[in-house]
K.L.:
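Below is one structure. I have some questions about it.
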Amino acid sequence: MYISTDELRTIFLKFFENKGHKIVLSSSLVPANDSTLLFTNAGMNQFKDCFLGTENRAYTRATSVQRCVRAGGKHNDLENVGFTTRHHTFFEMLGNFSFGDYFKEDAIRYAWEFLTDVLKLPEDKLVVTIYETDDESFMLWHEKINIPVDRIVRIGDKEGGKPFESDNFWQMGDTGPCGPCTEIFYDHGDHIWGGPPGSLEEYGDRYIEIWNNVFIQFNRLADGTMEPLPKPSVDTGMGIERIASIIQGVHSNYEIDIFQALIKSAAEIIDYPELSHQSLRVVADHIRSCAFLIVDGVIPSNEGRGYVLRRIIRRAIRHGKKLGAQGSYFYKLVGPLAKIMGTAGEELNTQQAFVEKVLKIEEENFGRTLERGMAMLNDALRNLQGNVLDGETVFKLYDTFGFPSDLTNDIVRERNLAIDEVRFEAAMTKQRQRARNTGNFNTKYNSIIKIDNHSNFIGYNTTQAQGIITHIFINGLSIEMLATSDEAIITLDQTPFYAESGGQSGDAGFLILGTSKFKVINTHKFGSTIGHRGKLIEGTLSVGDNVDGQVDVERRQAITLNHSATHLLHKALRIVLGEHVQQKGSLIRAENLRFDFSNLEAVKPEELRIVEKLVNQQIRCNYDVSTQLMDIDSAKAKGAMALFGEKYDDQVRVLSMGDFSIELCGGTHADRTGDIGMLKIISEGGIAAGIRRIEAVTGQGAEDVFYRQQQAYTQKVNESQARIKALEKDIQQLKNKVAVQKSADLINQVTEINNIKVLISQLNNVDNKALRTMVDDLKNQIGYGIVFLCNVTNNKVDLIAGVTKNLTHKVKANELVNMVAQKVGGKGGGRPDMAQAGGNDITALSSALNSVTPWLTERL
């Protein structure tokens with residue numbers, strides 16, 4: 001029976017839905033709120049808190065088809081991809097899960113029923129393994145399912161290893177939840193080399209593991225004690241690629257429908273005829289992990305998840321180049337991938353253009369990097385002593401320029417040289433250890449606050465309500481009573497306090513009972529319980545007390561305004577910049593809001609202005625802010641956006657602001673958009689490769705910013721005006737000095753009329769204010785006489801006359817100036833000892849100056 005991979009997903013989910021399981025969508029490849037994992041690498045990742053007992057969901061049975069990546073950290077299959085039949089960087093994990101519901105018997109029965117009744121696999125082709133001491137699983141397989149004893153293999157602890165260190169015993173960490181596994185293997189037949197699990201030939205390709213049932217049965221304490229869990233759980237997984245190869249009648253995963261379509265597309269794009277080439281397998285595998293990592297918000301960079309993505313992209317590009325690919329080619333596979341992924345490719349379809357752009361830019365950048373790497377390699381080879389290139393250089397080429405060692409080896413081999421593989425491997429081992437350290441599951445289970453109670457949040461419509469204290473914790477330990485000055489976490493059966501979530505800060509305020517007062521400084525979630533962190537500042541409180549919860553209303557109001565503005569900002573950015581914009585984080589406080597989003601380039605100032613204007617338009621529209629509870633499918637149909645890295649329950653809260661913004665959100669918000677007042681963007685900048693950050697304020701905060709800006713601008717204007725005046729004063733002083741220097745030159749032009757000293761001169765481009773200084777200075781030097789100057793500037797004539805006071809009874813300066821001014825088309829006036837005038841007829845200036853001497857002679 002042939003079944004396509006896309007059909008297989010649906011058949012699996014429907015089977016378990018009919019068994020009472022809730023179908024849960026695949027979570028992001030970037031684990032939500034989990035810094036212990038580099039990438040989502042198993043179906044159970046999104047249910048980790050359920051298994052830890054820190055989260056209670058509305059269902060106790062779940063099923064999913066989880067997309068996974070294993071290309072960094074503890075689980076790293078990158079180097080095997082393309083060279084084995086079953087290793088991938090990206091794969092999909094079919095899984096069914098029980099959270100304290102059914103256990104071993106049902107898990108085993110469901111697995112067997114699906115494989116043999118639904119998929120019609122021959123029973124005699126299936127072999128199972130169990131943990132060596134798990135007699136219960138042995139009994140279930142043998143007596144309930146009727147598996148012969150010779151097809152049940154017990155797998156013990158690894159030789160020389162620690163207790164319970166076995167392929168058939170799962171542990172979350174050194175302590176915490178753990179338990180035995182039972183795995184199902186498919187026998188491909190004796191025409192393929194390999195032996196059953198547990199044999200010396202088990203690493204052959206004849207027997208392939210297809211299903212793993214993990215029975216989370218114990219809590220392992222620090223002293224090694226295995227404490228039975230009160231609610232044992234089940235975590236199962238089956239790789240869709242492996243089961244698809246069996247159903248589709250092929251032996252290699254690369255022969256199933258998905259890979260065949262991608263391999264053919266890659267061969268056509270690269271123009272390479274041989275479809276069986278291993279490099280085509282690498283390209284086909286890598287486009288899946290690269291595309292979906294970008295969809296889930298990972299952008300190529302030099303650190304963390306972005307660095308792993310960059311390595312995968314460059315590995316794919318190199319394998320394409322080995323086949324003769326010309327120019328940028330890798331991004332062209334995004335379209336064929338979206339098509340062949342079917343129902344699992346919906347998110348890729350909506351972001352196809354953005355994914356293509358990211359890959360194309362990275363491919364072009366790598367082309368330039370390749371050139372720089374070759375320059376470094378050629379330089380190292382020119383200075384080589386001997387015939388072996390040192391391992392440190394090989395590693396640097398790999399780590400800095402993305403040169404895999406085999407590429408470097410090919411280049412040096414062409415020159416009859418070799419590389420130091422031992423030292424290169426030593427450097428690689430150190431890097432792998434660093435990667436493993438970032439991927440360790442460091443959860444200290446036995447120190448986690450585990451609360452079975454559920455806190456009912458009633459704070460959407462009120463900021464004051466009573467609640468019964470259900471737990472008090474100090475330093476993680478549960479106590480019965482709290483005394484004055486104790487710092488603690490208090491949980492209530494119901495509370496008006498919003499717990500920190502989705503980027504929104506938790507509420508602050510007081511819990512009060514009579515004269516006892518507990519100051520709440522923040523509110524947090526512990527699974528489905530809400531904890532109030534703070535300090536008892538007066539009296540005592542005990543478990544069972546009915547306290548009055550009073551939220552800091554002013555702080556809550558400021559937070560809600562910023563939260564609502566964040567939704568409007570998100571939508572506006574998508575309108576202005578494009579649908580590729582996704583929220584990558586936020587911090588919503590009373591003081592301001594911070595919004596992180598995906599965008600490859602800095603946002604231009606004019607784009608920011610449009611975003612800000614668009615948000616404020618929606619605020620002025622004063623839309624009603626409404627909420628509806630509905631299932632996730634109905635929410636998607638309504639057009640609601642889900643946010644990056646968030647978990648959502650069965651029933652989701654859809655928040656709408658008119659028709660402009662529709663998002664899934666559990667936070668508190670304004671009643672109407674007009675309540676926000678206005679939004680003012682304070683800054684925009686990059687915080688990581690492809691991730692930008694906007695900081696903004698609203699309401700009173702925006703008004704305060706404008707007031708501070710106005711004050712700052714006014715201060716700057718005043719400072720500038722004062723500086724201008726000072727500079728003008730300095731300039732005038734300099735001009736006066738220049739005028740004095742010029743007057744020293746002019747004194748040599750003094751003549752006499754009837755024994756009275758007279759200076760008549762024409763100047764050019766002298767500052768008008770400086771003319772008075774010059775005349776005063778010349779009068780002082782003459783002592784008894786007359787000074788007449790004309791100055792030509794920009795086709796205009798300035799006239800000035802000075803007469804020493806002991807001579808004004810004969811010659812008046814104002815009469816002299818007026819006489820000359822009339823000749824050049826102007827007029828003037830002033831005092832008898834100093835007068836100025838102007839004119840604009842330069843052509844008449846010469847004759848006008850010639851008239852001065854006769855005029856003075858007549859009067860002297």
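Every heavy atom of this structure was used, including side-chain atoms; hydrogens, water molecules and symmetry mates were not.
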K.L.:
Can the positive tip of Lys517 be found less than 6.0 Å from the middle of the six-membered ring of Phe510, inside 45° of the ring normal?
P.N.:
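Pair Lys517/Phe510 counts as cation-pi.
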
K.L.:
Check the pair Asn96, Thr236 against side-chain hydrogen bond (donor to acceptor under 3.5 Å, both in side chains), reporting the backbone distance first and the verdict last.
P.N.:
CA-CA 6 Å; Asn96 60 286; Thr236 84; 2.5 Å; yes

K.L.:
Rounded at 0.5 Å granularity, tell me how far CG in Asp49 sits from NZ in Lys525.
P.N.:
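So the CG of Asp49 and the NZ of Lys525 are separated by 11.5 Å.
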
K.L.:
Kindly compute the distance separating NZ (Lys519) from CG (Leu536), expressed to the nearest 0.5 Å.
P.N.:
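With rounding to 0.5 Å, NZ (Lys519) is 13.0 Å from CG (Leu536).
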
K.L.:
If you apply the rule side-chain contact (heavy atoms from CB on, under 4.5 Å), what do you find for Asp235 with Ile216, and how did you get there?
P.N.:
CA-CA 7 Å; Asp235 159 28; Ile216 305 175; 4.2 Å; yes

K.L.:
Test Glu579 against Thr350 for side-chain hydrogen bond (donor to acceptor under 3.5 Å, both in side chains), laying out the working first.
P.N.:
CA-CA 8 Å; Glu579 292 296 309; Thr350 61; over 6 Å; no

K.L.:
Whether the side chain of Thr698 engages the backbone of Leu679 through a donor-acceptor N/O pair (distance < 3.5 Å, no angle test) should be reported.
P.N.:
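Between the backbone of Leu679 and the side chain of Thr698 there is no qualifying donor-acceptor contact (under 3.5 Å).
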
K.L.:
Are more than 12 heavy atoms, taken from residues, nucleotides or ligands other than Lys19, located less than 6.0 Å from that residue's NZ atom?
P.N.:
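Atom NZ in Lys19 is packed in, count exceeds 12.
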
K.L.:
Could you go through Ile530 and Leu492, starting from their C-alpha distance and side-chain angles, then the distance that decides it, and tell me whether this counts as side-chain contact (heavy atoms from CB on, under 4.5 Å)?
P.N.:
CA-CA 7 Å; Ile530 296 175; Leu492 306 176; over 6 Å; no

K.L.:
Judged by atom type as modelled, is there a donor-acceptor pair below 3.5 Å linking the side chain of Gln582 to the main-chain atoms of Val295?
P.N.:
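Yes; judged by distance alone, with no hydrogens or angles, the pair exists.
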
K.L.:
Inspect the contact between Glu663 and Arg653 and indicate whether a charged nitrogen and a carboxylate oxygen are less than 4.0 angstrom apart.
P.N.:
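Between Glu663 and Arg653 there is no salt bridge, as every charged N stays at least 4.0 Å from the carboxylate O atoms.
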
K.L.:
Will you find, in the side chains of Glu703 and Tyr707, an N or O donor that is under 3.5 Å from an N or O acceptor?
P.N.:
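Checked: Glu703/Tyr707 side chains show no N/O donor-acceptor pair below 3.5 Å.
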
K.L.:
Using a distance-only test with no angle check, is there a side-chain donor-acceptor pair under 3.5 angstrom linking Asp548 and Gln464?
P.N.:
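Result is yes, a qualifying pair exists.
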
K.L.:
Is the backbone of Tyr623 close enough, under 3.5 Å, to the side chain of Thr673 for a donor and an acceptor to pair up by distance?
P.N.:
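Here the side-chain-to-backbone pair exists.
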
K.L.:
Should Gln66 and Ser26 be marked as a side-chain hydrogen bond (donor to acceptor under 3.5 Å, both in side chains) after you check the CA-CA gap, both sets of side-chain angles, and the distance that decides it?
P.N.:
CA-CA 5 Å; Gln66 175 65 51; Ser26 172; 3.1 Å; yes

K.L.:
Quick one: does Lys48's side chain get under 4.5 Å of Phe51's, heavy atoms only?
P.N.:
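Of all side-chain heavy-atom pairs linking Phe51 with Lys48, none is under 4.5 Å.
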
K.L.:
Please step through side-chain hydrogen bond (donor to acceptor under 3.5 Å, both in side chains) for the pair Thr668 and Thr560, ending with a clear verdict.
P.N.:
CA-CA 6 Å; Thr668 59; Thr560 59; 5.4 Å; no

K.L.:
Donor-acceptor pair, distance only, cut-off 3.5 Å: does the side chain of Thr491 make one with the backbone of His471?
P.N.:
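Checking the backbone N and O of His471 against the side chain of Thr491, a donor-acceptor pair under 3.5 Å is found.
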
K.L.:
On a heavy-atom basis, which atom in Asn546 and which in Gly467 lie closest, and how many Å separate them?
P.N.:
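Where Asn546 meets Gly467 most closely, the heavy atoms are OD1-O, 3.3 Å.
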
K.L.:
Answer yes if the side chains of Gln504 and Ser501 hold a donor-acceptor pair under 3.5 Å, and no otherwise.
P.N.:
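Short answer, no.
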
K.L.:
Tell me, please, which residues at least two apart from Glu554 pass side chain to side chain contact (heavy atoms under 4.5 Å, CB included).
P.N.:
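For Glu554 the side chain to side chain contact (heavy atoms under 4.5 Å, CB included) partners, ignoring immediate neighbours, are Asp552.
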
K.L.:
Could you tell me if Gln466 and Gln494 have a donor-acceptor pair between their side chains, going purely by distance under 3.5 Å?
P.N.:
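On atom types as modelled, these side chains do not qualify, holding no pair under 3.5 Å.
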
K.L.:
For the side chain to side chain donor-acceptor pair (under 3.5 Å) test, which of His580, Lys584, Arg692 pairs with Asn599?
P.N.:
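Exactly one option meets the side chain to side chain donor-acceptor pair (under 3.5 Å) with Asn599, and it is His580.
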
K.L.:
Go through the side-chain N and O atoms of Asn616 and Glu612 and say whether any donor and acceptor fall under 3.5 Å apart.
P.N.:
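No, no side-chain donor-acceptor contact under 3.5 Å.
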
K.L.:
Nearest 0.5 angstrom please: Met657 CE to Asn622 CG, how far?
P.N.:
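So the CE of Met657 and the CG of Asn622 are separated by 12.0 Å.
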
K.L.:
With rounding to the nearest 0.5 angstrom, report the CD to CG distance, Glu487 to Asn475.
P.N.:
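Between Glu487 CD and Asn475 CG, I get 9.0 Å after rounding to 0.5 Å.
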
K.L.:
If you draw a 6.0 Å radius around CD in Glu684, do more than 12 non-hydrogen atoms from other residues or ligands fall strictly inside?
P.N.:
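Buried by this count: over 12 neighbours within 6.0 Å.
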
K.L.:
Any side-chain to backbone donor/acceptor pair from Asp545 onto Ser542? Under 3.5 Å, distance only.
P.N.:
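Yes: the side chain of Asp545 pairs with the backbone of Ser542.
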
K.L.:
Find out whether Val547 and Ile512 are in side-chain contact, i.e. whether some heavy atom of one side chain is under 4.5 Å from a heavy atom of the other.
P.N.:
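No, every pair of side-chain atoms sits at 4.5 Å or beyond.
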
K.L.:
Check whether any side-chain heavy atom of Leu655 sits under 4.5 Å from a side-chain heavy atom of Val625, and report yes or no.
P.N.:
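Yes, close enough: below the 4.5 Å cut-off.
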
K.L.:
When you compare the side chain of Leu293 with that of Phe39, does any pair of heavy atoms fall below 4.5 Å?
P.N.:
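They are in contact (side-chain heavy atoms under 4.5 Å apart), so the answer is yes.
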
K.L.:
Are Phe518 and Leu541 close enough that some pair of their side-chain heavy atoms sits under 4.5 Å apart?
P.N.:
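Side chain of Phe518 against side chain of Leu541, heavy atoms only: contact under 4.5 Å found.
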
K.L.:
Which value, rounded to the nearest 0.5 Å, describes the distance between Thr225 atom OG1 and Phe218 atom CZ?
P.N.:
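Thr225 atom OG1 to Phe218 atom CZ measures 12.0 Å (nearest 0.5 Å).
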
K.L.:
Asn219 side chain to Pro228 main-chain N or O, any donor-acceptor pair under 3.5 Å?
P.N.:
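Side chain of Asn219 to backbone of Pro228: no pair is present.
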
K.L.:
Assess, by modelled atom type and distance only, whether the side chains of Gln628 and Lys638 contain a donor and an acceptor separated by less than 3.5 Å.
P.N.:
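A donor-acceptor contact under 3.5 Å links the two side chains.
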
K.L.:
Taking all atoms of both residues into account, what is the closest heavy-atom pair of Arg693 and Asp596, and its distance?
P.N.:
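Smallest heavy-atom distance, with atoms named: NE-OD1, 2.7 Å.
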
K.L.:
Just by distance, do the side chain of Ser656 and the backbone of Ile662 share a donor-acceptor pair under 3.5 Å?
P.N.:
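A pair under 3.5 Å: no.
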
K.L.:
Verify side-chain contact (heavy atoms from CB on, under 4.5 Å) between Ile294 and Val298, making sure each step is shown before the conclusion.
P.N.:
CA-CA 5 Å; Ile294 295 169; Val298 182; 5.9 Å; no

K.L.:
Measure from NZ or CZ of Arg57 to the centre of the six-membered ring of Phe47 and say whether it is under 6.0 Å with the direction within 45° of the ring axis.
P.N.:
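No - Arg57 does not lie over the ring of Phe47 by the 6.0 Å and 45° rule.
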
K.L.:
Using modelled atom types and a 3.5 Å cut-off, is there a donor and acceptor pairing between side-chain atoms of Thr523 and backbone atoms of His532?
P.N.:
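No.
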
K.L.:
Taking the side chain as every heavy atom from C-beta outward, state whether Pro605 and Leu608 have any pair of such atoms under 4.5 Å apart.
P.N.:
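Not in contact.
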
K.L.:
Considering all heavy atoms of both residues, which atom of Ala696 and which atom of Asn592 are nearest to each other, and what is their separation?
P.N.:
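Where Ala696 meets Asn592 most closely, the heavy atoms are O-CB, 3.4 Å.
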
K.L.:
Testing the basics here: between Ile479 and Val543, what is the closest heavy-atom pair and its distance to 0.1 Å?
P.N.:
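In terms of heavy atoms, the two residues are closest at O-CG2, 3.6 Å.
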
K.L.:
Work out which heavy atom in Gly509 is nearest to a heavy atom in Phe497; give both atom names and the distance.
P.N.:
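Smallest heavy-atom distance, with atoms named: N-CE2, 3.7 Å.
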
K.L.:
Do Leu600 and Phe354 have side chains that get closer than 4.5 Å, going by heavy atoms?
P.N.:
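Yes - at least one pair of side-chain heavy atoms lies under 4.5 Å apart.
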
K.L.:
Test side-chain contact (heavy atoms from CB on, under 4.5 Å) on Leu511 and Ile490 and set out the steps.
P.N.:
CA-CA 9 Å; Leu511 301 179; Ile490 294 178; 4.0 Å; yes

K.L.:
At their closest point, which heavy atom of Pro496 faces which heavy atom of Gly549, and how far apart are they?
P.N.:
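Closest heavy-atom pair between Pro496 and Gly549: CG-O, 3.8 Å.
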
K.L.:
Tell me whether Ser634 contacts the main-chain N or O of Met630 through its side chain, where contact means a donor paired with an acceptor under 3.5 Å.
P.N.:
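Checked: no pair found.
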
K.L.:
Should the pair His669 and His567 be assigned to parallel (<30°), tilted (30 to 60°) or perpendicular (>60°) ring geometry?
P.N.:
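Rings of His669 and His567: perpendicular, as their planes differ by over 60°.
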
K.L.:
Mind checking the CZ-OG1 spacing from Arg556 to Thr463? Nearest 0.5 Å is all I need.
P.N.:
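Output value for this atom pair is 6.5 Å.
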
K.L.:
Considering residues at least two apart in sequence or located in another chain, which fulfil the salt bridge (Lys or Arg N to Asp or Glu O under 4.0 Å) criterion with Arg61?
P.N.:
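In terms of salt bridge (Lys or Arg N to Asp or Glu O under 4.0 Å), with neighbours along the sequence ignored, Arg61 is linked to Asp101.
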
K.L.:
Using atom types as modelled and distance alone, determine if a side-chain donor or acceptor of Tyr498 lies under 3.5 Å from a backbone N or O of Phe457.
P.N.:
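Judged by distance alone, no pair lies under 3.5 Å.
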
K.L.:
Quick one: are Thr495 and Ile458 in side-chain contact, heavy atoms under 4.5 Å?
P.N.:
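Not in contact.
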
